[in-house]
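We name chains A, B, ... by the order of the sequence lines, and we start the count at 1 in each one.
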Amino acid sequence: MSDSQTSNSSTNAPVTGTAHVKRGMAEMLKGGVIMDVVTAEQAKIAEDAGAVAVMALERVPSDIRAQGGVSRMSDPDMIDSIMEAVSIPVMAKVRIGHLVEAQILQSLGVDYVDESEVLTPADYANHIDKWAFTVPFVCGATNLGEALRRITEGAAMIRSKGEAGTGDVSNATTHMRGIRTEIRRLQSLPTDELYVAAKELQAPYELVKEIAETGKLPVVLFTAGGIATPADAAMMMQLGAEGVFVGSGIFKSDNPAQRAAAIVKATTFHDDPETLAKVSRGLGEAMVGINAGTLSQSDRLAERGW
Amino acid sequence: MTAPVIGVLALQGDVREHTAALAAAGARARPVRRPTELETVDGLVIPGGESTTISKLADLFELREPIDKRIADGMPVYGSCAGMIMLAGEVLDGRADQRGFAGIEMTVRRNAFGRQVASFEAPVNLAGIDGGPLHALFIRAPWVERVGRGVEVLGTVTEGPAAGRIVAVRQENLLATAFHPELTGDRRLHAYFADLVRAAI
């Protein structure tokens, strides 16, 4: 994969915005929890709880569902106030295909842009050309082909989509298991069948071949969408996620600070049931949630993106 | 020559990359999340990650005292990026409750080069490492503002707005870099650390 910018002045000069530093940033978030926050105060609670980054947005997904309407990039004032409030990385969301929202976020200095199905798409055919940016992007995926198309467009990090704002983890497990199963399938194929596999995945052959050889995506793979409890986070880690996004699950629960800290601990000790039992105690009510199976087609956010 | 056992502090961060780099450098690498696991290692790597998170989890899971004690007893430790912050005697622009281990006499500024859009790659020459400069990745990286008398400066940024900034140091058995050799496939720094651990056993 080529770098998005190259230096022509001197071979020793520092170079920014390369695939290496964009993907490397996501490597530093591994084993961590990224939390949705809508105010500077919530961002501080997240940082206090041990979040590795926060996602600044105007409404958490469960409110977007409840309130409806077109959902867009957040107000720059609100993003600035969160960047000032915390020292950990700050991410923010843009609508799928909305290249100008992304340009604005880059100029604000956010650390990662999420081209997100949670917001209302701005382009029903194209995603953003992410190679054109210095800021790195994370994108959602429901399956391997979708993940590879996003990586081809320059995504430096992938997250499973799950079904955001439901508190129902079932879609996140489906997506994570699906991606991992498809990777294992590629590893088992004879090399002469990888061409057709690439065609079926609607992804470039070179990338498909790389995954067949390495058994993993070339970028970090997190999980997102419906994670509401420490046990949910730990299960997703056991299923192969390298870290966790928690959206509505924290600040729509009874005791956000305690739940946030519990999910951080559960992500690190995801394979230790004794620790998981300890951190799961006395958290109060989790978010009420919606059974994702009862959502009508038009309310399914995971199906946005192509 | 026996392979030293080197732990990677596995609370959060790029643990897998350090583990692979150590194995390629001839060490036996294993994750460390508990005090009992710490007892089994000859040296420790503190990976890149989010220093506020690693600091918090080290306290919660009661690793701070045992690690401080092992450092006092001479255990070699290498920290990259967040790991450098965790080894710094003093941290600027950190959280008020953020604490490092009893490490290197230095003052480190967190996120010193700027936010992620300022993250960069550049070659860095390191004293004690032969074969030309290391290709260094700086990701929301810290730099070292001041070092104590016992600290050896191994490398600095050579060009650009931050030219001259200290990004690699060593004090006896403690080694720290602001950048991430674990992400590059160049194993010289991990081999250097493995040698240091071997010599300390």
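Looking only at side-chain heavy atoms (C-beta outward), A:Lys30 and B:Arg16 come within less than 4.5 Å of each other. The closest side-chain heavy-atom distance from A:Thr16 to B:Gln116 is not below 4.5 Å. Between B:Glu50 and A:Leu29 the shortest side-chain heavy-atom distance does not fall below 4.5 Å. Within the 4.5 Å cutoff, the side chain of A:Pro14 has no heavy atoms near those of the B:Glu121 side chain. The shortest distance between side-chain heavy atoms of A:Asp271 and B:Arg33 falls below 4.5 Å. Inter-residue side-chain proximity for A:Pro89 and B:Arg140 is flagged as met; some heavy-atom pair is nearer than 4.5 Å. Side-chain atoms of B:His180 and A:Glu27, non-hydrogen and from C-beta on, never get closer than 4.5 Å to each other. Side-chain contact between A:Thr18 and B:Phe120 is absent, with no heavy-atom pair separated by less than 4.5 Å.
Here the OG1 atom belonging to A:Thr267 is positioned 9.5 Å from the CG atom belonging to B:Leu57, to the nearest 0.5 angstrom. For the atom pair A:Ile88 CD1 and B:Asn111 CG, the distance stands at 10.5 Å (nearest 0.5 Å).
When the options A:Asp111, A:Val110, A:Val135, A:Leu108 are evaluated for a side chain to side chain contact (heavy atoms under 4.5 Å, CB included) with B:Arg115, the one that passes is A:Asp111.
For chain A, the nearby parts of B:Leu11 are the backbone and the side chain; heavy atoms of each come within less than 4.5 Å. With a threshold of 4.5 angstrom between heavy atoms, A:Glu47 approaches chain B through its backbone and through its side chain. Contact annotation for A:Ala51: only backbone heavy atoms (N, CA, C, O) come within less than 4.5 Å of a heavy atom of chain B. Residue B:Ala136: no heavy atom, backbone or side chain, is found under 4.5 Å from chain A. Proximity to chain B is limited to the side chain of A:Thr275, based on heavy atoms less than 4.5 angstrom apart. Contact of A:Phe269 with chain B is made through backbone and side chain together, with heavy-atom distances under 4.5 Å. Contacts between A:Ala261 and chain B at a heavy-atom distance below 4.5 Å are absent for every atom of the residue.
Sparse packing is recorded around CG of B:Asp130, with 12 or fewer heavy atoms of other residues, nucleotides or ligands lying under 6.0 Å away. For B:Glu65, the CD atom sits in a loose shell: 12 or fewer heavy atoms of surrounding residues, nucleotides or ligands are nearer than 6.0 Å. The number of heavy-atom neighbours closer than 6.0 Å to CD of A:Glu41, taken from other residues, nucleotides and ligands shown, is 12 or below. Around the CD atom of B:Glu172, the shell of radius 6.0 Å holds no more than 12 heavy atoms that belong to other residues, nucleotides or ligands.
With chain A as partner, the option from B:Lys56, B:Gln12, B:Glu182 having the largest number of non-hydrogen pairs under 4.5 angstrom is B:Gln12. Chosen from B:Thr158, B:Thr184, B:Val124, B:Val117, the residue pairing most often with chain A at heavy-atom distances under 4.5 Å is B:Val117. If you tally non-hydrogen atom pairs under 4.5 Å between each of B:Ser119, B:Pro133, B:Ala163, B:Ala118 and chain A, the highest count goes to B:Ser119. In terms of heavy-atom pairs under 4.5 Å with chain A, the best-connected choice from B:Ala122, B:Gly13, B:Gly160, B:Gly48 is B:Gly13.
Side-chain N or O atoms of A:His20 include one that pairs as donor or acceptor with a backbone N or O of B:Leu183 at under 3.5 Å.
For the 3.5 Å distance criterion, the side chains of B:Arg110 and A:Ser87 qualify, holding a donor opposite an acceptor.
Salt-bridge check for B:Arg95 with A:Asp48: passed, with a basic side-chain N closer than 4.0 Å to an acidic carboxylate O.
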